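A short write-up of the structure that comes next.
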Amino acid sequence: MTKVTLRNLAAHKVRLLLTGVAVLLGVAFVAGTLMFTDTMGKQFDDLFSSVGKNVAVDVRAKKIGGSDDDGMNAMPIPASLVDTLKTVEGVKDPEGQVGGYAAVVGRDGKVVGGGGPPQMGVNWTGDDGSFKLASGRAPSGPGEVLIDTDTAKKAHFAIGDTVKIVLSGPPRTARITGLIDTGNLMGATVTGFDTATAQRLLLKPGYFSEIQMQSSGPSEAVLRDRVAAKLPDGLEAITGTKMRDENKSDVEAVMGFFRTFLLAFALIAVFVGAFIIFNTFTMLVAQRTRELALLRAIGAGRGQVTRAVIGEAVAVGFVGSTLGLAAGAGLATLLQAMNGGGSLVLSARTVIVSYLVGVIVTVVSAYFPARRAAKIPPVAAMRDDVAMPQRSLRIRLSLGGVLTVLGAVLIGLGLGGAASGTANAVLVGAGAFAVFIGVTMLAPLISIPVVKVLGWPFARVMRVPGRLAQQNALRNPRRTAATAAALMIGLALITTVNVLGASIRASVNAQIDEQLGADYIVSSSGNGVDAEAAQRIAQVPGVRSIARAYSGDAVIAGKKVGYSSGDMPALGRASKLEMVSGSEDPGKDGVLLDEDTAKARGVALGGTLPVTFADGKTVPLRLVGIYKKNDLMGSRFVAAAEHLAHTPQPVIGMVAVDTGGAKAPRQGIENAVKANPALKVQDQTDLKDEVSKGIDGVVAIISILLALSVIIAAVGVINTIALSVIERTREIGLLRAIGMGRRQLRRMIRAESIVIAVFGALLGMAIGLAFGASLQQAMSDDGLGVLSIPYGTLVVYLVVAAVIGVLAALWPAWRAGRMDVLKAISTD
């Protein structure tokens with residue numbers, strides 16, 4: 001039987017190659033994802049192992065409220081504490097660290113890195129094991145600065161050049177005195193100042209963000225306890241090891257999410273591939289029924305026949321997994337090259353998972369066709385009219401209906417928040433999986449009327465070839481449905497994403513129209529609008545008034561929340577704030593909440609809320625006003641501007657500008673802020689365009705990732721058409737013998753392929769529309785109040801499906817057209 005298995009593999013190389021392509025693509029995505037994320041993880045591990053590697057103890061402010069993950073940073077640390085810590089036995093070289101926002105402006109007048117990677121400003125304390133001075137010297141005074149080597153390379157700066165730096169306050173120019181080697185920071189920029197300048201520009205004069213020190217002998221734990229005994233309330237000491245581990249864990253959390261995100265698409269690709277493999281082996285086994293029956297007749301048992309087919313599946317899975325692993329390495333290398341380069345990490349886990357995924361999926365997909373073939377009695381299998389045993393469609397349809405309904409219920413429970421956190425996502429995922437399986441089982445029944453309708457135009461236009469194409473697609477509804485199901489899954493998910501994206505876009509546009517009262521909004525891609533720019537905006541001719549919206553964080557009932565402050569009557573007009581009860585002016589000791597937040601916190605008008613601000617001080621504020629839910633404002637509370645004194649550097653989040661509807665002042669506003677490249681002036685149309693571009697970018701990325709499953713599905717269509725041509729060799733020979741030309745034959749095969757592909761697309765888009773509408777309804781209370789269906793995009797998908805059908809039929813049609821008529825007729 002081993003020899004038989006090997007001979008069958010050699011005899012069906014092309015057929016099995018197409019199946020292997022499905023395995024290859026799925027495994028390549030899995031392997032590439034694991035290798036790329038492992039490589040990035042190692043780079044970050046190496047980076048954080050070197051950053052602060054000499055630090056024994058780190059002194060920082062305690063988080064106010066909540067845990068370390070959702071708490072709020074307190075006020076900075078007085079510089080005088082450094083002198084106190086110098087007296088602690090075992091402390092060596094205590095140094096204050098300053099961190100904040102600082103971005104470099106390139107020669108093109110744009111911020112290097114835009115609003116993407118972090119843009120960090122630090123105080124330069126020398127080569128301390130974190131960053132190294134690659135060339136030049138340390139900065140001295142406010143007119144000098146260091147920048148990292150990657151930023152210098154991107155922006156074409158060198159030592160001695162003058163550079164503009166964007167800060168929380170007005171931008172400043174400085175001369176580059178040196179370049180910092182930061183390793184691979186994934187696009188982040190680092191700007192270094194002398195300590196006094198960094199304190200003044202990034203934090204607060206005379207204060208540090210944290211204090212780090214080395215040990216002259218004691219262990220980290222001993223030194224930590226000694227230092228902690230000298231600290232005032234509100235500060236804490238942690239070991240250097242804990243500090244580095246926390247930095248790593250933050251990155252690992254992000255990398256874990258990124259890996260899960262990519263693997264989800266990889267598993268979708270594998271899931272689609274499983275349909276193709278199942279379909280291919282079903283057809284291969286059906287075509288070899290007589291051959292397998294002869295094996296049974298000469299003494300092979302059912303188990304041997306099953307194992308022979310499984311052996312072929314193992315071989316296909318192994319070869320496909322090996323090639324997929326190699327392709328995954330190529331994909332990861334390409335991604336890594338785009339990310340700055342570096343050696344690729346290939347772990348044993350990646351190799352094992354790749355082979356397990358490829359081989360197990362292939363074997364499981366081939367097992368059921370093999371079992372069905374082994375059940376055919378040898379004598380019956382050798383008849384000319386033998387057919388593979390099929391389970392009753394009644395059972396299949398009943399089970400499919402149950403799974404579809406069950407899946408819909410699970411999705412509803414997950415979207416409705418029946419569980420909590422991750423459990424809801426699991427419910428939605430399980431429900432979607434059940435719906436896909438259920439609809440796949442129902443697809444044979446659905447395919448009959450749909451294929452009749454889709455095939456009708458071909459029958460009318462092409463006449464005989466068109467009618468034959470329609471009948472070929474209807475001849476085996478199971479095969480047609482299985483082929484279409486692979487395409488259905490990818491297009492269902494792509495349609496869902498597009499419906500959701502269009503709904504988000506339409507909802508935000510509606511919110512801007514209904515809730516934005518300002519004519520222009522001035523905001524920053526960095527760290528807020530500086531006060532000088534806001535003052536210049538107010539002086540532009542044609543500007544009636546401006547509303548400065550300050551933003552900050554506070555803690556209420558142990559949870560960090562955002563708050564807004566400023567001239568509330570003006571901000572209320574700018575955001576079209578609609579009061580439900582009370583006053584729109586919070587006064588000095590009041591607070592405004594939206595009605596949902598007030599209800600959730602159980603506080604009524606006139607009630608008191610203890611609010612803890614960034615400096616750790618708790619102020620009892622009285623609820624003086626409740627406003628109607630405002631999506632632009634969100635769930636932030638509104639407090640008086642006096643409370644900004646609790647924040648070291650109050651930030652103007654945006655400036656709302658009232659021009660009375662006039663367009664003329666725009667140029668003046670843009671001139672007022674042009675000194676700061678991080679600032680942008682937008683009207684309502686600009687805001688809508690920005691939202692649309694952001695959403696379109698996300699939709700495009702997800703669609704590209706899902707496109708792999710569509711490519712695999714296209715391979716499935718090729719497989720099905722190619723194998724059906726082989727299966728119908730005698731029939732094709734007879735058609736040619738009675739007068740059908742090669743061109744007509746090719747048209748017939750192309751029409752059949754188009755019908756199957758379009759059927760799969762329609763089925764997928766129908767499910768995608770249902771999923772997208774369900775998600776929109778579930779999130780309607782969270783700002784997604786408008787359902788929008790991108791009809792134009794869906795029409796494009798139908799056209800793409802038809803093109804897939806045409807392309808998938810090229811090789812099978814060419815092969816069918818080249819068949820020798822006499823040999824085809826004499827085929828068994």
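Computed from a predicted model, the values in this text were never measured in an experiment. If you read the sequence from its start, that first residue is 1, and numbering goes on from there.
Side-chain contact between Val361 and Val23 is absent, with no heavy atoms from C-beta onward closer than 4.5 Å. Two residues are said to be in side-chain contact when any heavy atoms from C-beta on lie closer than 4.5 Å; Gln776 and Val499 fail this criterion. Within the 4.5 Å cutoff, side-chain heavy atoms of Ile756 are placed close to those of Ile721. With a 4.5 Å cut-off on side-chain heavy atoms, Met819 and Leu745 do not count as touching. Two residues are said to be in side-chain contact when any heavy atoms from C-beta on lie closer than 4.5 Å; Leu34 and Val30 meet this criterion. Using a 4.5 Å cut-off on side-chain heavy atoms (C-beta onward), Val710 and Val800 make no contact. The closest side-chain heavy-atom distance from Glu731 to Asn472 is below 4.5 Å. Met765 places a side-chain heavy atom less than 4.5 Å from the side chain of Leu798.
Distance check, rounded to the nearest 0.5 Å: CZ of Arg467 to CE of Met462 gives 12.5 Å. For the atom pair Ile732 CD1 and Met748 CE, the distance stands at 5.5 Å (nearest 0.5 Å). Atom CG of Leu706 and atom CD1 of Ile702 lie 7.5 Å apart (nearest 0.5 Å). Of the inter-residue distances, the one linking Arg460 atom CZ with Gln470 atom CD reads 12.0 Å to the nearest 0.5 angstrom. Taken from CD in Glu312 to CZ in Arg307, the straight-line distance is 14.0 Å, to the nearest 0.5 Å. Once rounded to the nearest 0.5 Å, the distance linking CG of Leu763 with CD1 of Ile489 reads 10.0 Å.
Judged purely by atom type and a 3.5 angstrom limit, Thr362 uses its side chain to pair as donor or acceptor with the backbone of Gly358. Listed for the Ser753 side chain is no donor-acceptor partner under 3.5 Å among the backbone atoms of Ile749.
A salt bridge (Lys or Arg N to Asp or Glu O under 4.0 Å) check over residues 696-720, counting only residues at least two apart or in different chains, returns the pairs Arg505-Asp696.
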Taking it one step at a time, do Leu794 and Leu769 satisfy side-chain contact (heavy atoms from CB on, under 4.5 Å)?
CA-CA 10 Å; Leu794 299 184; Leu769 286 171; 3.9 Å; yes
Walk me through it: do Phe265 and Thr33 pass the test side-chain contact (heavy atoms from CB on, under 4.5 Å)?
CA-CA 10 Å; Phe265 294 97; Thr33 296; over 6 Å; no
Step-by-step side-chain contact (heavy atoms from CB on, under 4.5 Å) determination, Val497 to Leu493
CA-CA 6 Å; Val497 171; Leu493 296 173; 5.6 Å; no
side-chain contact (heavy atoms from CB on, under 4.5 Å) evaluation trace for Leu762 with Leu454:
CA-CA 10 Å; Leu762 287 173; Leu454 293 176; 3.9 Å; yes
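Shortest non-hydrogen contact noted between Leu325 and Val27 is N-CG1, 4.0 Å. When every heavy atom of Met35 is checked against every heavy atom of Thr39, the shortest pair comes out as O-OG1, 2.7 Å. Minimum heavy-atom separation, Tyr367 to Ile310: CA-CD1, 3.6 Å. Of all non-hydrogen atoms in Phe318 and Val359, the two that sit nearest each other are N-CG2, 3.8 Å. Residues Val363 and Ala313 come closest through the heavy atom pair CA-CB, 4.1 Å. Contact record, Thr496 with Phe771: OG1-CB, 3.3 Å, taken as the closest heavy-atom pair.
The number of heavy atoms from other shown groups lying within 6.0 Å of CZ (Arg743) does not exceed 12.
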Show me the side-chain donor-acceptor pairs of residues 432-450 shorter than 3.5 Å, one per line, residues at least two apart or across chains.
from: Thr440; atom 1: OG1; to: Phe436; atom 2: O; distance (Å): 2.6
from: Ser447; atom 1: OG; to: Ala443; atom 2: O; distance (Å): 3.4
from: Ser447; atom 1: OG; to: Pro444; atom 2: O; distance (Å): 2.8

